[in-house]
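A quick note: this is a predicted structure, and the numbers were derived from the prediction, not measured. Heavy atoms only: backbone and side chains are in, while hydrogens, waters and symmetry mates are out. All chains are named by letter (A, B, ...) in the order of the sequence lines, taking the proteins before the strands, and each is independently numbered beginning at 1.
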2 protein chains.
Amino acid sequence: MKVTITDIAKIANVSVATVSRVINNKSKGVSEQTRTRLLKLIEEYNFEPNAVARGLVTKKSKIIGLLIQDIANPFYPRLAKGVEEEANLRGYNIILCDGNNSEEKEVNYLDFLNKHYVAGIIYNNFNNIGDKILNIIVNNSIPLVFIDSKIDIPGIRCVYVENEKAIYELVSYLISIGHRKIGFITGPMDSYSTNERFKGYIKVLEDNQIPIDYDLIVEGDYTIPKGYETMGILLDRKTEMTVVVCCNDLMAIGAMEMLEERNIKVPDEMSIVGFDNIDMSRIVRPKLTTVSQPSYEMGRAAAKMLINIIENKSKKNDASVVFLPELVIRDSVKKLN
Amino acid sequence: MKVTITDIAKIANVSVATVSRVINNKSKGVSEQTRTRLLKLIEEYNFEPNAVARGLVTKKSKIIGLLIQDIANPFYPRLAKGVEEEANLRGYNIILCDGNNSEEKEVNYLDFLNKHYVAGIIYNNFNNIGDKILNIIVNNSIPLVFIDSKIDIPGIRCVYVENEKAIYELVSYLISIGHRKIGFITGPMDSYSTNERFKGYIKVLEDNQIPIDYDLIVEGDYTIPKGYETMGILLDRKTEMTVVVCCNDLMAIGAMEMLEERNIKVPDEMSIVGFDNIDMSRIVRPKLTTVSQPSYEMGRAAAKMLINIIENKSKKNDASVVFLPELVIRDSVKKLN
DNA sequence: TTGAAAGCGCTACCAA
DNA sequence: TTGGTAGCGCTTTCAA
């Protein structure tokens, strides 16, 4: 059986209040003598305060919920690592919840975190937020920060990258080296990041007076197989496309598989670019030109921000954190001029 | 403010005991009439039982702790996914803890899970188990299953693959096609899987009367940079090595980077094999010959087993589950005969 | 079928 | 500096 605060109190012949003071490091209210005596006993009997009981009283825990969409997507592990490491530094632990791209699961997890009185939530909303989720977020008083997404709810902070700008720059680069017929494989259209990236794509074409051709656009889902499949669709439409922008590296890699299968050489006959700069983008041949997202740093920033809010250390001017993605030019794009 | 069981009881003019019966689906002890009336109220007031208070009484939770070593290693996300999906099916949630290859962190997390009364733990012990950890595992009465590792503690079940056998078969294959000078990049030598794999390597060489040459062996750490680095070391030793067996795909990929840098062609001038069959092993060129581990299935199996133990549904003959890895032959190995 | 009340292990307030 | 104790929200036992 596990030893409780009452056991220790009895053994030491003091009140539970005194033991409580010691285990909570309340500097005053306990004589040095009692303190050391208790500390020894606690050590000896291997007493660990019951976190559940504690949570019931304080309504606080040292747990942060991290809700992401798909841990199998290599973008997320680095982000999770960043969150975990920063949180650990400050004494917090992480519950990692995988929403699996399902709104139902997401709602369940949000409920779960709520019921368990986690100290705060780091939330990666993949889908456009439905009313149900919005309701939960606004109504539960748990501190929350958005990561890799942005939302306009007053008082809610976000950590994200400039997706629109990133695509804008990426496509500008493609245009500057002579590409005009630019294919585009999106993520799921109800995803925040996809929408931003799509906006960037449309905008840069307009700014360069390139007409938008919907035959060049197809909806993906951020997985390798879908990249493979959608590349096939694009190819079958027999456009004059010279490059395909994929909304993440995974799809770019899938697309390259299709290209290889059809014996179309990258980049000589078709250029490909991705987004994320995951490890694989360096491994694939030709090496993938892509956009680097600082996912680890985003994770750390989000954790830092959240814990500051939790501990009321958040300064007035602690606004949302915006990262700038960086163009990573490698070998999968051909210069046309 | 959140509504509690007492609130509902007051509103409905019944005792909290009755409400408790309803929310716990106790079939008897509540009239159909009262039940429906309460259910409506619960719905209306959006009452969610406080999981923390519940946990304090029952000493149970619907949380399973999953302790792994490094979520950034692509082997783990699939495993985590398996655990998560199976657990969810049965109404459990996962706390994912990343031990980060550090014994200290591991001990912390084990403590943490313990204090929080999780229902059970799925534990991937990367390092050989130290006394401290062993002590925790044996002394805390929380159900626990080992995953991707094996330990001989009576009553503790494991889900793992036959690592030794896998390497034995892999190297047998290499020998059968003419390789004799077989390099070996291990994982960290205090890791369980490394030890098993190393045993397999030694055994197969002995069985084939091939002398063991320690110049062909070097210790790695399961990361890409280390694969790169150790390949360099191996090369500098100027052995007659024709193939290098890497204890995971990540190191194999790092090794291939080194080879590319030194202009050594794979597989013509040097063959490489990996272990795990992660996505990247299909992406890298030449495609990597490797050993496939059913990590997703292992995750599911472990979760299933653990929950059975938790719910006392574990049958007598529910022994450990052993998976057989499968050789995946691709293009990174040259036939020498 | 229903209710009263004890108690889970802890914190925090008030009194000594 | 120390102790007594109420109470967190729930489950569970016993009695009505």
Side-chain angles (χ1 to χ4, degrees), chain A residues 1-39 41-42 45-63 111-112 114-119 140-141, chain B residues 1-39 41-42 45-63 111-112 114-119 140-141:
Chain A
M1 213 42 236
K2 236 170 244 177
V3 22
T4 71
I5 195 174
T6 321
D7 298 330
I8 299 292
K10 274 196 192 121
I11 294 164
N13 224 338
V14 297
S15 72
V16 292
T18 302
V19 183
S20 174
R21 281 178 201 113
V22 172
I23 60 181
N24 287 291
N25 276 318
K26 307 267 184 207
S27 46
K28 47 186 171 186
V30 188
S31 70
E32 220 26 72
Q33 197 189 350
T34 320
R35 179 185 301 278
T36 44
R37 191 162 64 91
L38 286 178
L39 251 19
L41 248 24
I42 286 167
Y45 285 87
N46 212 347
F47 164 63
E48 302 264 18
N50 178 328
V52 178
R54 205 175 235 181
L56 183 58
V57 179
T58 59
K59 303 243 174 298
K60 288 204 181 87
S61 72
K62 287 290 207 177
I63 305 180
D111 263 7
F112 168 82
N114 216 222
K115 278 196 237 182
H116 280 272
Y117 286 92
V118 296
N140 79 37
S141 41
Chain B
M1 211 41 232
K2 239 171 240 175
V3 22
T4 71
I5 195 173
T6 319
D7 299 330
I8 298 292
K10 271 194 197 126
I11 294 164
N13 223 338
V14 297
S15 71
V16 291
T18 302
V19 182
S20 174
R21 282 179 199 113
V22 171
I23 60 181
N24 286 291
N25 275 318
K26 306 268 185 206
S27 45
K28 47 186 172 187
V30 188
S31 71
E32 219 27 71
Q33 199 191 349
T34 319
R35 179 184 302 276
T36 44
R37 191 163 63 91
L38 286 178
L39 251 18
L41 248 24
I42 287 167
Y45 284 87
N46 212 347
F47 165 62
E48 302 263 16
N50 177 327
V52 178
R54 204 175 234 180
L56 183 57
V57 179
T58 60
K59 303 240 175 300
K60 286 200 183 92
S61 72
K62 287 290 206 174
I63 305 179
D111 263 8
F112 168 81
N114 216 223
K115 278 196 235 180
H116 279 273
Y117 285 95
V118 295
N140 79 36
S141 41

| request: Kindly compute the distance separating CG (B:N50) from OG1 (B:T4), expressed to the nearest 0.5 Å. | output: 9.0 Å
| Per A:N50 side chain, nearest of listed nucleotides C:dT2, C:dC10, C:dA12 | C:dC10
| request: Identify which nucleotide among D:dT11, D:dG4, D:dT12 has an atom closest to any side-chain atom of B:R54, counting heavy atoms from C-beta outward. | output: D:dT11
| said: Tell me whether the side-chain N/O atoms of B:K59 come closer than 4.0 Å to OP1 or OP2 in C:dG9. | reply: yes
| query | OG/A:S20 to CG/A:L38 distance, rounded to the nearest 0.5 angstrom? | reply | 11.0 Å
| task | Ignoring backbone atoms, establish whether B:T18 has a side-chain N or O less than 4.0 Å from OP1 or OP2 of C:dT1. | result | no
| Atom CD1 in A:I11, atom OG1 in A:T6: separation rounded to 0.5 Å? | 10.5 Å
| In Å and rounded to the nearest 0.5 Å, what is the CZ to CD1 distance from B:F112 to A:I63? | 4.0 Å
| query | By a strict heavy-atom criterion of less than 4.0 Å, which residues belonging to residues 4-16 of chain B are in contact with DNA chain D? | reply | B:T4, B:I5
| said: Categorize B:S20 for me: base, sugar-phosphate, or nothing, with a 4.0 angstrom heavy-atom threshold over every strand shown. | reply: base
| field | Nearest-Å distance for atom pair CD1/P, residues B:I42 and D:dC10 | value | 10 Å
| task | From the options C:dC14, D:dT13, D:dG9, select the nucleotide whose nearest atom is closest to the side chain of B:R21. | result | D:dT13
| said: Looking at every non-hydrogen atom in both residues, tell me the closest pair between B:F47 and B:I5 and how far apart they are. | reply: CE1-N, 3.5 Å
| Closer than 4.0 Å, any side-chain N/O of B:S31 to the OP1 or OP2 of C:dT2? | yes
| task | Choose from D:dG7, D:dT12, D:dG9 the nucleotide whose nearest atom is closest to any side-chain atom of B:T58. | result | D:dT12
| task | Report the nucleotide, chosen from C:dC8, D:dC10, D:dC8, that has the shortest atom-to-atom distance to any side-chain atom of B:L56. | result | C:dC8
